[in-house]
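Residue numbers start from 1 in every chain, and the chains themselves are labelled A, B, ... in the order their sequence lines are given, proteins ahead of strands. For clarity, every value in this text was computed on a predicted model and none was experimentally measured. Hydrogens, waters and symmetry mates are skipped; everything else that's a heavy atom, side chains included, is used.
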Amino acid sequence: MTASHATWRRALLSLALLVSASFVGVFLLGGGRAEVYPSGNSTEVDATSLTSQDSPAAANQLAGGRTLFVENCSTCHGIDASGGDRAPPLLGVGGATVDLWLSSGWMPLAEPTAEPERKPAKFDRAQVLEIVRYVTSLAPALPGDPGVPSGLDISHANVAEGFSMFALNCAPCHTITGAGDALAGGIQAPPLHGVTKTMVWEAIRTGPGNMPRFGPGTISPAQVVDIVGYVVKDIQRPVSPGGLSLGGVGPVAEGFVGLFVGVGLCLLAALWVGDRAETEEDGEHDGHDGPEGPDGDEDGEGGDDHRELAHA
Amino acid sequence: MIDALFTWFDERLGISGSGRKMLNKIFPDHWSFLIGEVALYSFIVLLGTGVFLTLYFVPSSKVVIYEGTYAPLRGQPVSEAFASTLNLSFAVRDGLLMRQMHHWAANIFVGSIVVHMLRIFFTGAFRKPRELNWIVGSTLLILAIFNGFLGYSLPDDLVSGTGIRISFSIVESIPLIGSYAAFFLFGGNFPGNSIVPRFYILHVLVLPAIMVALIGAHLGMLVRQKHTQFPGRGHTPRNVVGSPLWPTFIAKTTGFMFLTVAVTGILSALFQINPVWLYGPYVPYKVSYAVQPDWYMGWLDGALRIMPSWEIVGFGHMIPNVFFPAILLPGITFGVLQMWPFIEARLTGDHAEHQILDRPRDRPKRTAFGAAVFSFYFVLLGASATDVLANYLSISLNVVLTSFRFLAIAVPLIVFPVTYRICKEMQSVPTAGQRKRANIVLRSAVGGYTTVRADQRPGDAVPRVDPLPLDEDVEFVPAMAGIPVVSDDSPAQSRPEEPAPDTSDRPRGGIFRIPRDYR
């Protein structure tokens, strides 16, 4: 793999100009410092290696992707991915979109009419990439397709810059803690916990669902890596001293705890310290005819439970 | 030694006479009279932790480059206020604990004031001669809410900065003077550099000083007027039944102070509050979705959220939409709150002195009114969490918002009659809420058991129900009514010595009427 990688890439660069699949080209031109991972130590299957279709292995994988697509996707998206009544065409959507929607579990839908919701992905990583390869092989990608990032490296991400960009571009919907929230009209900005760095990257670049798409002209490749780094390092594993974080929803949860735990415990303490049996020990209230009430005998024998017990 | 010291002071100040009188002061023991003390002791926690925080907090909007230990902000421009808050949280020993104690104590402080006030309201303790103390107390509530907002705003983080921006707009919405007032209060246009230092001096000096004075007046009036008490044996308007200040009450209340501080400490150690480092510094063009104020401002936030977008235009001026929920609503709320003793006296015509408290059930109209009004503000508080509720329940935010508009009107309208009815029912059952008396089972020396039946309270007895005679022309068919028919001479109901029949009163077929006057 390592030895043949450079060859493949050279071949691919020329091919990319022809078929405009071009995501490698986009990354090289964009100058992303960590987005193209040229060495062979990536654990991911190299998404770029099989857009040319003339090796036997490639043909096998394309066939595998085609099988998966026909079994799981074609009912709605059509056997040739040209769309249908229920689903949009997938021709030219690009690898990142396909990868994100499959990895997040949005696709396949739980049932054909359901809203997409995040659930465990149906396919493993290799299967997802097989489907990606098959779908991207059907038609040339549209301009601006970012492609599937291979070997995304966030180890040198500037999380401070990422935090700043996150507050500016992401927090208005996903909230500053990344807890996610409900937007108007039944739309939800999903929480950013439990997603991989690749998914965050792809979401920023492709803009799934109602999310805006942030292209290289809006957020530079380096800034995307910074944001991904902040999300994966500091939102998913926040520096969080001071106790339980109460879900990251701020004063709503804090007020609930403050009122019902804080004030509640204080009231229980008051109940413990104070006298809670004033009415019983002092007999019946005046003005109400208990058994001893009518004859005015409030100090008499009737009103005291303890006396009765002692007597018995 | 202590004797000598005391004598030294006594010879110069003459404190033994009034001191003895003070130590013998009687305080009633009921637990609900301790709620105000939660507020008092939370205030002491606030003062203590607040002094600690002032040692490290820098009240300045000056922009500096953050160079502290929190990596996601290192090298970023932040205000000195924000940087010093982070420093306080991460670098100062016990700083985060102190910050969290201060914040949790503020939540408990305002919360216990509200509960204390509910107790005063529902038991009628605000009536003559205590109207003045009610006004002092409700003023303290307003100041506590306001000071809480100021303190929440001081760290200059993204969430609280959004709150200041909202409050700026609220001041601007006041007709005629709004923009002038906003510029005057906030030192020019938003955000400016004056907000943090101005809020700081109000938060740590001006308002606390007023509050200390008012708390002193509050307690002074309490001592001077003597404490109210619930009705009970030996309780008269001319006495107070309870424990003397020394040694009983002082021991209780000191222990209770420790408990209150302990609760604050436990919350601060277990639950994170306001993690400003996750929010980042406030920048006017950045905003986080889903920001709420602390809960005591939440009802105002909720009112802002659910207010329909009405705006009134006339004479070339517009009354902005914000004015109604954010200026008019709190204005009416606090105005009515402060004047309530006089409003109620006017409505009831009751201008007499009251030293004995009402039980809430005995004043059903006041209780129902108070519960309905309280439920209204509780709904508004819930409305400030519309987005959180929509998210957790996975329903549309718009549906939640519209629902709260209806709830804000419907819930008080439901709560009033229900509360009124419950009060009335409890009035007619004098033993409601009390335990039934036990039947004592005795074991004799030879092993036999006998039951000593306890005297029943009137509410315990099941009334005997007599059948209503049928009209002549109505033919009663038991099977159609689905009632099992038991003949009158059935052995199942032969227990004539029972004063309050239970099994014998099983329906025997027929139409029954409960006599109205059986109680």
Side-chain angles (χ1 to χ4, degrees), chain A residues 159-160 163-164 167-168 171-173 175-177 180-186 188 230 234 238-246 249-252 254-255 257-259 261-263 265-267 269-271 273-276 278-280 282-286 288-291 298-299 302 305 312, chain B residues 29-31 34-35 38 70-76 96 100 104 107-108 111-112 115 158-159 230-233 252 255-256 259-260 263 267 269-273 275 278-280 286-295 298 385 387-388 390-391 396-398 430-431 434 437 440 452 455 457:
Chain A
V159 289
F163 187 14
S164 180
L168 183 60
C173 291
T175 79
I176 193 72
T177 60
D181 210 345
L183 308 175
Q188 194 212 28
Y230 177 71
D234 292 295
V239 174
S240 191
L244 300 174
S245 67
L246 303 178
V249 292
V252 173
E254 291 165 5
V257 171
L259 283 181
V261 180
V263 178
L265 281 176
C266 288
L267 292 184
L271 206 58
V273 172
D275 184 353
R276 78 197 86 158
E278 180 157 321
T279 52
E280 285 208 20
D282 289 345
E284 307 301 324
H285 289 291
D286 45 355
H288 294 280
D289 45 355
E298 295 201 359
D299 296 332
D305 286 327
Chain B
D29 295 323
H30 196 261
W31 70 272
L34 293 171
I35 302 169
V38 178
Y70 185 62
L73 282 169
R74 207 174 295 141
Q76 295 293 309
L96 183 60
Q100 298 205 140
W104 281 122
N107 272 354
I108 295 176
S112 55
V115 180
L158 187 62
V159 173
F230 278 107
R233 183 170 53 189
K252 273 189 179 183
F256 190 58
L259 286 172
T260 308
V263 169
L267 281 192
L270 294 184
F271 299 108
Q272 185 186 65
I273 189 164
L278 297 181
Y279 303 156
K286 290 179 182 173
V287 68
S288 167
Y289 191 63
V291 291
Q292 277 89 8
D294 271 351
W295 71 266
D387 54 323
V388 178
N391 190 33
S396 166
L397 179 65
N398 307 42
T431 55
Q434 296 185 25
R437 294 177 184 172
I440 309 296
V452 182
D455 291 338
R457 293 192 170 109

**OP:** Identify the two heavy atoms, one from L34(B) and one from F256(B), that lie closest to each other, and give their separation to 0.1 Å.
**Re:** O-CE2, 3.4 Å
Among [options], residue most engaged with chain A (heavy-atom pairs, under 4.5 Å):
options	answer
V38(B), T260(B), I273(B)	I273(B)
A269(B), S288(B), A390(B)	S288(B)
V452(B), L397(B), V159(B)	L397(B)
L270(B), N107(B), L267(B)	L270(B)

Subject >> Partners passing side chain to side chain contact (heavy atoms under 4.5 Å, CB included) against N391(B) (at least two apart in sequence or in another chain) >> reply: D181(A), A182(A), Q188(A)
Subject >> Residue list, side chain to side chain contact (heavy atoms under 4.5 Å, CB included) with P293(B), at least two apart or on another chain >> reply: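 If we apply the side chain to side chain contact (heavy atoms under 4.5 Å, CB included) test to P293(B), skipping adjacent residues, the hits are M297(B), D301(B).
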Sort out for me which of [options] touches chain B most, counting heavy-atom pairs under 4.5 Å.
options	result
A167(A), S240(A), P241(A)	P241(A)
L259(A), L246(A), V257(A)	L259(A)
A171(A), A269(A), G242(A), G243(A)	G242(A)

Original post:
Hey, does W295(B) have a side-chain heavy atom less than 4.5 Å from the side chain of V252(A)?
Top reply: no
Heavy-atom distances under 4.5 Å only: say whether [X] touches chain B with side chain, backbone, both or neither.
X	result
T177(A)	side chain
L168(A)	both
C266(A)	both
L271(A)	both

Subject >> Parallel, tilted or perpendicular: ring planes of Y230(A) versus F163(A), cut at 30 and 60 degrees >> reply: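 The arrangement is parallel - the two ring planes meet at less than 30°.
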Original post:
Heavy-atom distance under 4.5 Å to chain A: side chain of V388(B), backbone, both or neither?
Top reply: both
Original post:
Contact part of I108(B) toward chain A, heavy-atom cut-off under 4.5 Å: side chain, backbone, both or neither?
Top reply: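 Both backbone and side chain of I108(B) come within 4.5 Å of chain A.
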